[in-house]
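A note on names: the letters A, B, ... follow the listed sequences, proteins ahead of strands, and every chain is numbered from 1.
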Amino acid sequence: MPEGNEIHRFAKQHAAALAGHRLHVDSPNGGFPDATVLDGRTLKSVEAYGKHLGYVFGKDLIVHVHLGMYGDFWEGQMPLPPEKGALRLRMWNKTDWIELRGATDCSIFDEEKWAALLARLGADPLRDDADPDPAFAVIRKRKTAIGLLLMDQRIFSGIGNIFRAELLYRARIDPMRPGKDVSLAELRSIWKDACKLMPEAMEDRRIVTTRPKDRPHARRPVQDEEVHYVYRRHNKPCFVCGATIKRQEMGGRTVYWCPQCQAN
DNA sequence: GTGGGATGGGCAA
DNA sequence: TGCCCCTCCCACA
């Protein structure tokens with residue numbers, strides 16, 4: 001379900017609810033063989049990098065979670081709810097519980113494996129320690145379309161299909177434009193925009209990218225059909241110029257853009 | 001009621 | 001490149 005904004009929110013919320021406590025851990029429907037190793041241990045912290053989560057129980061005892069397309073957490077106050085669906089991992093203390101379903105990966109990493117993962121992730125707009133300069137340098141050398149490069153987690157991390165479409169629209173850049181033809185100023189602008197939009201989405205628990213002046217009707221709260229300029233708006237008129245929003249397959253994912261606002 | 005698509009990425013081939 | 005993990009929602013009948 002998530003892009004980086006939701007991953008970082010999970011990290012913050014799960015740390016607030018569970019870190020510093022001895023936890024009960026189990027895996028009612030399997031898929032996570034080592035739950036007994038964790039049961040009764042103290043969760044030290046919850047880390048988020050890009051779309052990856054790490055639940056740190058010890059130096060070589062880090063539960064790596066990648067939600068992929070279908071994974072999701074459910075959260076709540078004790079008592080535990082009845083078991084439902086394919087429940088891969090469940091953690092709880094006296095007051096709070098979290099449940100994990102459908103993740104692409106949920107397994108124990110040692111320190112070395114965790115470090116190797118972080119080493120191959122690009123700059124994350126949601127992290128204060130992120131340095132985007134290497135990403136800019138790589139993009140400026142590549143013929144590959146900027147729409148593909150923005151999604152490459154080795155270049156940037158945490159940006160998914162929604163932010164790709166919306167960041168490129170807000171920058172008025174055609175997703176098909178080669179990376180090397182995107183100026184440094186444009187790349188800096190995209191990064192700055194991501195550093196504003198992604199934390200907002202984390203707080204709001206939804207991705208809103210349209211500016212108030214561009215919404216077709218000034219209503220409060222923002223209606224669902226108004227939150228994106230182009231993402232999933234194919235065959236609908238652009239809020240800004242009225243042209244019909246297009247969509248196309250790009251690297252196995254669907255990209256959306258305005259052929260008039262992003263004609264370059 | 002049904003079927004297709006979706007915020008992701010690893011894997012086999 | 002195509003398939004898979006597994007869940008929800010929407011368009012369409």
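The phosphate of B:dG9 (OP1 or OP2) has a side-chain N or O of A:Lys51 nearer than 4.0 angstrom. In this model, the phosphate group of B:dT7 is approached by a side-chain N or O of A:Tyr231 to a distance below 4.0 Å at OP1 or OP2. The phosphate of B:dG9 has OP1 or OP2 within less than 4.0 Å of a side-chain N or O from A:Gln153. Side-chain nitrogen and oxygen atoms of A:Arg205 include none within less than 4.0 Å of the OP1 or OP2 phosphate oxygen of B:dT7. Between A:Tyr70 and B:dG5 there is no side-chain polar atom (N or O) within less than 4.0 angstrom of OP1 or OP2.
Using a 4.0 Å cutoff on non-hydrogen atoms, the parts of residues 155-167 of chain A near DNA chain B are A:Gly160, A:Asn161, A:Ile162, ordered by number.
In this structure, the nucleotide among B:dG9, B:dG10, B:dA6 sitting nearest to the side chain of A:Arg232 is B:dA6. In the set C:dT7, B:dG8, B:dA6, the nucleotide with an atom closest to the side chain of A:Glu3 is B:dG8.
Note on A:Glu203 versus A:Lys12: salt bridge recorded, some NZ/NE/NH1/NH2 to OD/OE distance being below 4.0 Å. At a threshold of 4.0 Å, the pair A:Arg101-A:Asp72 does not count as salt-bridged, since none of the basic side-chain nitrogens sits closer than that to a carboxylate oxygen.
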Under 3.5 Å, which donor-acceptor pairs link side chains of residues 256-264 of chain A to any protein atom two or more places apart or in another chain?
{"unit_1": "A:Gln262", "atom_1": "OE1", "unit_2": "A:Cys258", "atom_2": "N", "d": "2.8"}
{"unit_1": "A:Gln262", "atom_1": "NE2", "unit_2": "A:Leu168", "atom_2": "O", "d": "3.4"}
{"unit_1": "A:Gln262", "atom_1": "NE2", "unit_2": "A:Ile173", "atom_2": "O", "d": "2.9"}
{"unit_1": "A:Asn264", "atom_1": "OD1", "unit_2": "A:Asp174", "atom_2": "N", "d": "3.2"}
{"unit_1": "A:Asn264", "atom_1": "OD1", "unit_2": "A:Arg177", "atom_2": "NE", "d": "3.1"}
{"unit_1": "A:Asn264", "atom_1": "OD1", "unit_2": "A:Arg177", "atom_2": "NH2", "d": "2.7"}
{"unit_1": "A:Asn264", "atom_1": "ND2", "unit_2": "A:Arg172", "atom_2": "O", "d": "2.9"}

Would you tabulate the side-chain donor-acceptor contacts of residues 43-51 of chain A under 3.5 Å, counting partners in other chains and residues two or more places apart, or write 'none'?
{"unit_1": "A:Ser45", "atom_1": "OG", "unit_2": "A:Glu47", "atom_2": "OE2", "d": "3.0"}
{"unit_1": "A:Tyr49", "atom_1": "OH", "unit_2": "A:Arg127", "atom_2": "NH2", "d": "3.3"}
{"unit_1": "A:Lys51", "atom_1": "NZ", "unit_2": "A:Ile159", "atom_2": "O", "d": "3.0"}

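Listed by chain and number, the residues in a side chain to side chain contact (heavy atoms under 4.5 Å, CB included) with A:Leu184 are A:Phe136, A:Arg140, A:Arg188 (sequence neighbours excluded). For A:Ala145, the side chain to side chain contact (heavy atoms under 4.5 Å, CB included) partners at least two apart in sequence or on another chain are A:Met250. With sequence neighbours excluded, the residues satisfying side-chain hydrogen bond (donor to acceptor under 3.5 Å, both in side chains) with A:Arg9 are A:Glu6, A:Gln13. For the side chain to side chain contact (heavy atoms under 4.5 Å, CB included) test, residues two or more places apart in sequence or in another chain that qualify with A:Asp152 are A:Arg154, A:Ile155. In this structure, A:Asp128 has no side chain to side chain contact (heavy atoms under 4.5 Å, CB included) partners at least two apart in sequence or on a different chain.
We find that CE of A:Met69 is positioned 14 Å from C1' of C:dG2, with the value rounded to whole Å. As a whole-Å value, the separation of A:Leu148 CG from C:dT1 C1' is 15 Å. The interatomic distance linking A:Asn5 (CG) with B:dG8 (P) rounds to 10 Å, in whole Å. A straight line from CG of A:Leu87 to P of C:dC6 spans 12 Å, rounded to a whole angstrom. The nearest whole Å value for the distance from the NE2 atom in A:His66 to the P atom in B:dC11 is 12 Å. Straight-line distance from the CG atom of A:Leu121 to the P atom of B:dG8: 14 Å, rounded to whole Å.
Contact annotation for A:Arg9: no contact, since no heavy-atom pair falls under 4.0 Å across all strands. Residue contacts shown for A:Phe73 are absent, as no nucleic acid heavy atom lies under 4.0 Å away.
When each of A:Arg215, A:Lys213, A:His228, A:Arg233 is checked for a side-chain contact (heavy atoms from CB on, under 4.5 Å) with A:Phe239, only A:Arg233 meets the rule.
In terms of polar N and O atoms assigned as donor or acceptor, the side chain of A:Thr104 never comes within less than 3.5 Å of the base of B:dG10 in a complementary pairing.
Helical stems of DNA chain B (runs of at least 3 Watson-Crick or G-U pairs, donor-acceptor distances under 3.5 Å) are listed by first residue: B:1-6 with C:7-12, B:8-12 with C:1-5.
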